[in-house]
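Comments concern the structure below.
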Amino acid sequence: MDEAQLDDLKQFIAGIVSQTEVRLQGQITGLRGDVTQLQGGLAQLRDEMADGFSGVGEAIASIHDQMAERDIEVDKRLVALERYFALG
């Protein structure tokens with residue numbers, strides 16, 4: 001292989017490497033965009049889940065309050081019944 005053919009081969013290899021590098025850089029840029037979009041979706045999902053769990057917590061607190069009120073009513077009724085039967 002003479003010097004001219006060797007130079008042509010070097011240029012060919014350099015061109016292939018350059019094209020491959022450009023193609024890979026484009027793919028990396030696309031992946032970065034996908035990752036950014038995924039991060040945004042995950043942040044939105046996290047916020048929605050936090051809101052949902054907050055709603056569940058509020059519902060449980062409301063049920064707890066209702067049960068506490070019922071316990072007070074039951075206690076009042078029991079006291080009234082005890083007084084009735086104690087006097088009776």
Side-chain angles (χ1 to χ4, degrees):
M1 184 178 284
D2 67 4
E3 199 64 34
Q5 289 175 329
L6 190 58
D7 286 341
D8 287 344
L9 182 59
K10 287 179 185 178
Q11 286 179 350
F12 175 75
I13 292 172
I16 296 285
V17 169
S18 177
Q19 289 174 357
T20 302
E21 185 178 359
V22 168
R23 190 181 82 245
L24 289 174
Q25 188 63 39
Q27 290 175 345
I28 289 170
T29 301
L31 288 174
R32 284 183 181 149
D34 292 345
V35 167
T36 300
Q37 186 178 11
L38 181 60
Q39 287 173 334
L42 289 173
Q44 181 181 354
L45 179 61
R46 182 190 63 230
D47 293 344
E48 290 173 2
M49 288 179 68
D51 290 344
F53 286 129
S54 174
V56 169
E58 290 171 5
I60 290 172
S62 175
I63 291 170
H64 181 268
D65 292 343
Q66 291 173 5
M67 295 305 295
E69 289 175 20
R70 285 185 181 173
D71 285 346
I72 292 170
E73 285 298 316
V74 168
D75 287 344
K76 287 179 184 177
R77 289 179 180 180
L78 287 173
V79 168
L81 285 172
E82 288 171 350
R83 287 182 187 159
Y84 174 78
F85 285 113
L87 295 175

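The shown structure was predicted, so the numbers you read here are calculated from the model rather than taken from an experiment. Throughout, numbering of the chain's residues begins at 1 and tracks the sequence.
- Note: Met49 CE to Asp51 CG = 11.0 Å, rounded to the nearest 0.5 Å.
- Atom-to-atom distance recorded for Leu38:CG and Leu42:CG is 4.5 Å, nearest 0.5 angstrom.
- The backbone N or O of Ala50 sits nowhere less than 3.5 Å from a side-chain atom of Ser54 that would complete a donor-acceptor pair.
- A 6.0 Å sphere centred on CD of Gln27 holds more than 12 heavy atoms belonging to other residues, nucleotides or ligands.
- Remark: side-chain polar atoms of Thr29 are paired, donor with acceptor, to backbone N or O of Gln25 under 3.5 angstrom.
- Asp65 CG to Ile60 CD1: the interatomic distance, rounded to the nearest 0.5 Å, is 12.0 Å.
- Annotation: Glu21, atom CD; neighbour count of heavy atoms from other residues, nucleotides and ligands within 6.0 Å does not exceed 12.
- The CG atom of Leu81 sits 9.5 Å away from atom OH of Tyr84, with the distance rounded to the nearest 0.5 Å.
- How far CZ of Arg70 is from CD1 of Ile72: 13.0 Å, rounded to the nearest 0.5 Å.
- The line from CD1 of Ile16 to CD of Gln11 is 12.5 Å long, rounded to the nearest 0.5 Å.
- Follow the hydrophobic side-chain contacts under 4.5 Å out from Ile13 and you reach Leu6 in the same cluster.
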